[in-house]
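Dropping the structure in here first, questions after.
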Number of protein chains: 2
Amino acid sequence: MGVTERKEREKTEMRELITAAAMKMFLEDGYAKTSIRGIADAIEYSPGTIYLYFKDKDELLYEVQADAYGRLLEVFQKEATSTDPLERLSQIGRAYINFGLNNSELYDLMFIIRSPMNVDEKLHKVNGANCLNFLIECLTDCISKDLLRINDVQQATLQIWSTVHGLVSLHLRCRLKIMVESEEDVPQVLIKTMEDYLAAVTK
Amino acid sequence: MGVTERKEREKTEMRELITAAAMKMFLEDGYAKTSIRGIADAIEYSPGTIYLYFKDKDELLYEVQADAYGRLLEVFQKEATSTDPLERLSQIGRAYINFGLNNSELYDLMFIIRSPMNVDEKLHKVNGANCLNFLIECLTDCISKDLLRINDVQQATLQIWSTVHGLVSLHLRCRLKIMVESEEDVPQVLIKTMEDYLAAVTK
DNA sequence: CAAATATAATGAACAATGTTCAGTATGCAA
DNA sequence: TTGCATACTGAACATTGTTCATTATATTTG
């Protein structure tokens with residue numbers, strides 16, 4: 001009886017249909033401005049249907065978050081390929097910053113949005129952990145080769161993540177306007193700040 | 001005819017009444033969860049009245065933001081008093097982090113919340129600028145005495161602000177749960193990370 | 001002081017939101 | 001063909017920010 005399997009398949013297809021539409025709209029308009037009704041319209045179903053596949057709007061968020069972390073990981077793997085761990089660290093930093101600037105609404109729901117973290121604890125530890133590990137491995141490499149003025153991997157991870165996240169999120173929330181005059185200079189300024197930081201903590 | 005003056009005074013008193021209630025509720029429940037109706041109830045006026053004194057909810061936000069920056073500045077002035085610029089820098093960092101952790105909802109509306117920046121450009125450049133200048137002066141001091149491995153004041157400001165903001169905001173949005181196991185360790189971890197950073201960039 | 005005018009406050013109404021649920025339609029099994 | 005389970009609908013609910021005709025209050029004028 002392959003009917004239950006088909007039903008199962010249809011169910012996941014429907015979830016993917018919804019997720020895809022949600023991802024598209026989240027990217028364009030952001031999480032907050034995207035309404036369930038809007039998503040329902042886009043896939044030509046009624047609002048109520050979405051609640052047959054997702055508990056609430058947050059669960060939809062988690063699904064898209066997982067996707068987003070996957071994308072970031074892909075960017076890391078594509079952009080940060082140097083065998084020199086210090087150069088690779090710089091590549092990771094640049095990739096992260098550019099990802100944030102070029103996918104601001106995605107970055108928002110990945111790292112800025114408030115999300116009930118009961119679910120998050122599990123979900124973040126899948127794709128999100130992969131992104132983090134990419135950085136951790138690089139830093140482990142740097143530290144084992146005694147290239148940095150920081151000896152603890154966790155501390156180093158926290159430092160660089162905070163730095164790049166701080167830069168990106170302050171900019172996305174327009175809080176850097178006091179410091180950086182011209183808007184179009186932002187990408188370069190952020191990247192320069194990150195690289196100056198790396199230079200300062202490099203032995 | 002002192003009547004127009006009294007009217008003026010009553011008008012500002014009413015604004016302050018609203019702002020105070022808003023501040024209280026923003027602190028307790030956050031900006032998003034505080035409704036205009038709730039504020040109106042608290043001061044025993046009708047919802048419509050608030051719109052006679054504030055264009056919209058955002059304008060109320062700006063008013064409270066200004067207050068909040070003032071508070072942060074006070075904390076800086078009280079906590080960061082060392083004559084040694086390096087020690088003072090550390091004091092600023094600790095004060096900033098503790099302020100964020102102890103006033104999470106306030107920190108949120110100061111540095112994380114999305115706010116239309118047409119108004120912000122002006123408003124941020126008053127109290128917000130004073131806070132920033134406190135840091136800038138300290139860093140100018142450090143750099144002029146050749147204590148840091150960073151030579152540019154703007155770069156140094158951006159680095160340390162990003163670092164501490166990154167730490168605080170990642171934690172407030174529960175994104176550090178992947179890295180820091182125990183919740184109660186967070187304050188110490190954040191401060192240690194900040195001080196390790198300072199140590200690394202110190203000559 | 002009384003009437004006319006200006007100002008202040010109200011609260012019902014609007015549109016949009018996330019979410020629910022009784023009802024309807026569809027497809028599968030007997 | 002009949003009965004049942006599953007899928008879907010869309011109206012309804014509560015809540016949100018915001019507006020505006022109406023009412024109440026206060027001030028100025030005659």
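The structure displayed is predicted, hence computed values, not measured ones. Order of the sequence lines fixes the chain letters, A, B, ..., with proteins taken first and strands second; residue numbering starts at 1 for each chain.
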Position toward the 5' end of DNA chain D (nearest nucleotide), A:Y53 or B:K33
A:Y53

Of the candidate nucleotides C:dT10, D:dT19, C:dT19, which contains the atom at the shortest distance from the side chain of B:T49?
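Given the options C:dT10, D:dT19, C:dT19, the side chain of B:T49 is closest to C:dT10.
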
Would you check, one step at a time, whether the test side chain to side chain contact (heavy atoms under 4.5 Å, CB included) holds for A:W161 with A:F111?
CA-CA 11 Å; A:W161 186 18; A:F111 297 116; 3.9 Å; yes

When we call it a touch if two heavy atoms are under 4.0 Å apart, what does A:S35 touch: a base, just sugar-phosphate, or nothing?
sugar-phosphate

May I ask you to evaluate whether B:S46 reaches the phosphate of C:dG11, defined as a side-chain N or O under 4.0 Å from OP1 or OP2?
no

Identify whether NZ of Lys or CZ of Arg in B:R71 sits under 6.0 Å from the centre of the six-membered ring of B:F99 and within 45° of that ring's axis.
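Pair B:R71/B:F99 does not count as cation-pi.
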
Given A:L101, which partner from the list A:L167, A:I191, A:L190 fulfils the side-chain contact (heavy atoms from CB on, under 4.5 Å) test?
A:L190

Nucleotide D:dT16, atom P - distance to CD1 of B:I50 in whole Å:
13 Å

Distance in angstrom units between B:E10 CD and D:dA26 P, rounded
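Rounded to whole Å, this separation is 10 Å.
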
Using whole Å, what does the distance between atom C1' of nucleotide C:dG18 and atom CG of A:D56 come to?
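After rounding, the reported distance stands at 9 Å.
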
To the nearest angstrom, how far is A:D58 atom CG from C:dG18 atom C1'?
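Distance, rounded to whole Å: 11 Å.
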
Are B:R94 and B:E195 close enough for a salt bridge, meaning some N to O gap below 4.0 Å?
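B:E195 and B:R94: salt-bridged.
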
Please report the distance, rounded to the nearest Å, between CD1 in A:I18 and C1' in D:dA7.
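Whole-Å distance recorded here is 12 Å.
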
Given DNA chain D, 5'-ward residue of the pair A:P47 and B:P47, judged by closest heavy atom
A:P47

Do you see a donor-acceptor pair shorter than 3.5 Å between the side chains of A:T193 and B:Q159?
no

Given atom CD1 of B:I36 and atom P of D:dG17, what is their separation to the nearest angstrom?
5 Å

Between D:dT6 (P) and A:R9 (CZ): distance, integer Å
18 Å

Between C:dT19 atom C1' and A:L60 atom CG, what is the distance in whole Å?
14 Å

Assuming nearest nucleotide by heavy-atom distance, tell me which of A:R37 and B:L52 is located more 5' along DNA chain C.
B:L52

